[in-house]
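Before any comments, here is the structure.
Because the structure is predicted, anything quoted here is derived from the model rather than measured.
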Amino acid sequence: MARAHSLAASAGDTEIGDIVEEHYVCFTALNRTLYELDGMKGGPIKHGPSSPESLLQQDAVNVIKTMMQRIPDSVNFNVMVLSRKLK
């Protein structure tokens with residue numbers, strides 16, 4: 001996804017700067033632990049206990065809110081969920 005974005009951005013009139021402040025992060029629950037996957041960091045970041053049931057509504061949302069509080073005036077923030085249909 002990042003490569004496709006970079007190719008699209010470099011093909012148009014968009015000027016690419018040296019400092020990248022926007023990027024993608026992923027949250028996942030694995031073995032009852034919440035992990036943040038950020039390609040700009042050295043490895044997975046462990047955020048504590050989680051489960052498939054609490055991942056979105058309780059666990060990841062708290063980490064995301066903290067991120068948003070660090071840059072309160074930014075409008076460059078989006079959230080996308082990829083999940084299976086609940087049975």
Test side-chain contact (heavy atoms from CB on, under 4.5 Å) on Lys46 and Leu34 and set out the steps.
-> CA-CA 6 Å; Lys46 191 175 183 178; Leu34 176 65; over 6 Å; no

Does Asp38 reach the main-chain N or O of Met40 with its side chain, forming a donor-acceptor pair under 3.5 Å?
-> yes

Please report, to 0.1 Å, the donor-acceptor pairs under 3.5 Å made by any side chain of residues 54-67, with sequence neighbours excluded.
{"unit_1": "Ser54", "atom_1": "OG", "unit_2": "Ser51", "atom_2": "N", "d": "3.3"}
{"unit_1": "Ser54", "atom_1": "OG", "unit_2": "Ser51", "atom_2": "OG", "d": "3.1"}
{"unit_1": "Ser54", "atom_1": "OG", "unit_2": "Asp59", "atom_2": "OD2", "d": "2.5"}
{"unit_1": "Asp59", "atom_1": "OD2", "unit_2": "Ser50", "atom_2": "OG", "d": "2.6"}
{"unit_1": "Asn62", "atom_1": "ND2", "unit_2": "Gln58", "atom_2": "O", "d": "2.6"}
{"unit_1": "Thr66", "atom_1": "OG1", "unit_2": "Asn62", "atom_2": "O", "d": "3.0"}

Does Leu30 belong to the same Ile/Leu/Val/Met/Phe/Trp/Tyr cluster as Leu37, with side-chain heavy atoms less than 4.5 Å apart forming each link?
-> no

Side chain to side chain contact (heavy atoms under 4.5 Å, CB included) partners of Ile45, counting only residues at least two apart | Glu36, Lys41, His47

